[in-house]
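See below for the structure under consideration.
Keep in mind that what you see is a predicted model, and the values were worked out from it rather than measured. Reckoned from all heavy atoms, side chains included, excluding hydrogens, waters and symmetry mates. Numbers restart at 1 for each chain; the letters A, B, ... are given by sequence-line order, proteins then strands.
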Number of protein chains: 2
Amino acid sequence: MTRRRGLTSPLALSVLATLSEGPMHPYEIARLLRHRGKDQSIKIRYGSLYTVVQNLEKRGLVATAGTARAGRRPERTVYRLTDDGQEELEDRLRELVGRPVKEYPAFEAALSLAGVLPPDEIIGLLADRVRLLDVELAGARAALRELIAEQRLPRIFLIESEYAVAMKQAEADWVRGLIEELADGTLEGVDHWRTWHRTGEFPAEWMERGWAKTDRAMHPESEVDEPG
Amino acid sequence: MTRRRGLTSPLALSVLATLSEGPMHPYEIARLLRHRGKDQSIKIRYGSLYTVVQNLEKRGLVATAGTARAGRRPERTVYRLTDDGQEELEDRLRELVGRPVKEYPAFEAALSLAGVLPPDEIIGLLADRVRLLDVELAGARAALRELIAEQRLPRIFLIESEYAVAMKQAEADWVRGLIEELADGTLEGVDHWRTWHRTGEFPAEWMERGWAKTDRAMHPESEVDEPG
DNA sequence: CGTTCTATATTCGGCTACGAATATGACGGA
DNA sequence: TCCGTCATATTCGTAGCCGAATATAGAACG
């Protein structure tokens with residue numbers, strides 16, 4: 001009945017993973033992860049790191065292996081992975097690889113609120129986005145090529161970057177498609193959206209539909225006492 | 001010189017966006033967003049909602065429009081969007097639509113640490129993932145069809161879901177490709193990864209490469225005082 | 001050998017997120 | 001009418017996240 005709550009952050013996982021290579025102190029963990037470019041896929045904040053390690057210690061997933069000092073620099077606490085920690089690490093990794101978790105990308109949120117701006121402005125913004133995505137893609141691909149060709153780093157160490165590139169490419173492609181549908185009016189509703197912004201009035205044609213009615217019903221004009 | 005820090009959460013943005021339709025109290029905002037299915041693209045937590053609204057008030061982006069009560073139920077504070085709030089809303093939306101922001105999906109983190117498990121187990125887990133993604137995709141597509149055909153909801157109100165579906169599809173496709181490359185050994189390094197897990201020894205062939213050397217150098221065996 | 005810059009190593013305080021608790025009204029059935 | 005349950009509406013405490021500050025050592029430069 002050991003409680004398995006919390007400590008689910010990617011940072012916590014990366015700490016366990018790194019310690020599975022041998023005892024280390026927190027700063028060293030961060031340095032290694034950075035050196036390997038893992039900070040591109042995992043958000044590493046020094047402020048968080050030390051708290052996370054302490055919490056992992058509380059749960060018995062890591063333990064202090066001793067303290068060391070070089071010269072008169074501040075004392076470093078060296079941690080090691082416990083058996084429980086190794087088990088947790090593997091369990092969480094299995095979970096994370098084996099099943100998708102619901103996430104909330106900022107762009108999805110933005111799309112869901114895009115109605116606030118008029119469609120023609122949105123088209124321009126989406127075009128900006130595509131341009132920037134293309135630049136990022138070119139950069140990321142060049143970096144990958146460099147690491148593989150010059151540094152002779154096996155591709156297997158770079159799958160997470162290849163994944164990121166693939167997703168970025170998919171997004172760019174999808175946005176390009178959306179821009180087209182918006183521009184040529186293929187996408188059902190854009191015309192009404194446009195006139196709605198021009199006139200400020202909710203399209204009469206939509207009023208009739210069921211979803212519009214229940215939507216209105218959600219927002220009763222309630223009597224309000226003016227403040228002050 | 002008004003400081004424009006913080007309050008960048010999607011939830012805050014959705015509050016502003018919803019209030020741009022008229023004054024409301026926090027619970028009503030949440031209800032509307034839920035009714036419209038926006039809670040699929042934006043994480044809505046009641047605990048957070050009230051804090052967010054208060055902070056928005058502090059920054060002058062929303063203001064209390066009065067208080068209302070129905071019967072003897074707890075008093076509700078009704079908020080309205082200020083002019084500053086409307087401006088902020090549009091600015092942030094432009095930013096969010098127009099430029100990609102770096103994000104850290106859990107799966108990317110998992111991939112970057114996947115070396116902890118042996119490759120053949122990873123292949124199995126990836127297969128699980130693909131299966132689950134396919135199920136989710138079927139469900140999401142069915143839901144979209146239902147809303148468009150039965151409810152006669154214009155597609156424009158559903159772009160965020162279409163985006164989510166497209167991204168999920170892209171991920172499923174990419175993972176399928178990865179599984180193949182892992183299974184048939186096309187991906188450079190899998191063989192060494194496999195023997196490394198079997199023997200516990202870092203492959204000699206890799207030792208020679210520059211990246212492996214600097215990696216070792218990152219982790220000096222430091223003298224450690226045993227504790228207790 | 002002073003100065004400045006960067007790398008090392010960690011602490012601290014404030015803010016944010018969010019689960020859980022609270023309190024009331026409305027509705028439906030036995 | 002009494003009771004259970006659902007919807008309404010909000011507060012509170014805690015746990016975690018993270019920017020910024022702190023302090024020291026070595027390296028580079030003139």
L11(A) atom CG is separated from dC17(D) atom P, nearest whole Å, by 8 Å
Return no unless some side-chain N or O of H25(B) is found under 4.0 Å from OP1 or OP2 of dT10(D). yes
To the nearest Å, how far apart are R76(B) CZ and dG25(C) P? 13 Å
Member of R155(B), K38(B), R36(B) meeting the salt bridge (charged side-chain N to carboxylate O under 4.0 Å, His left out) criterion with E160(B): K38(B)
Around atom CH2 of W196(B), are there more than 12 heavy atoms of other residues, nucleotides or ligands at under 6.0 Å? no
Phosphate OP1/OP2 of dG19(D): any R45(A) side-chain N/O under 4.0 Å: yes
Expressed in angstrom and rounded to an integer, what is the separation of L7(A) atom CG from dA15(D) atom C1'? 11 Å
Do Q40(B) and R34(B) have a side chain donor and acceptor closer than 3.5 Å? no
Of the candidate nucleotides dA17(C), dA9(C), dC17(D), which contains the atom at the shortest distance from the side chain of V52(B)? dA17(C)
Atom CG of L49(B) and atom P of dC18(C): how far apart are they, to the nearest Å? 12 Å
Do S20(B) and Q86(B) come close enough that some side-chain heavy atom pair is under 4.5 Å? yes
Rounded to the nearest angstrom, tell me the gap between atom OH in Y46(B) and atom P in dT11(D). 14 Å
Between atom CG in N55(B) and atom P in dG14(C), what is the gap in whole Å? 16 Å
What does K43(B) touch in the nucleic acid at a heavy-atom separation under 4.0 angstrom: a base, only the sugar-phosphate, or nothing? sugar-phosphate
Quick check: do E162(A) and L111(B) have side-chain heavy atoms less than 4.5 Å from each other? no
Would you mind reading off the distance between Q54(A) atom CD and dC18(D) atom P, rounded to a whole angstrom? 16 Å
With DNA chain C as reference, determine whether Y50(A) or K58(B) sits nearer its 5' end, using the nearest nucleotide of each. Y50(A)
Where each residue is assigned the nucleotide of DNA chain D containing its nearest heavy atom, which of Y27(B) and T51(B) is assigned the position nearer the 5′ end? Y27(B)
Nearest whole Å is fine: how far is dT10(C) C1' from I29(A) CD1? 13 Å
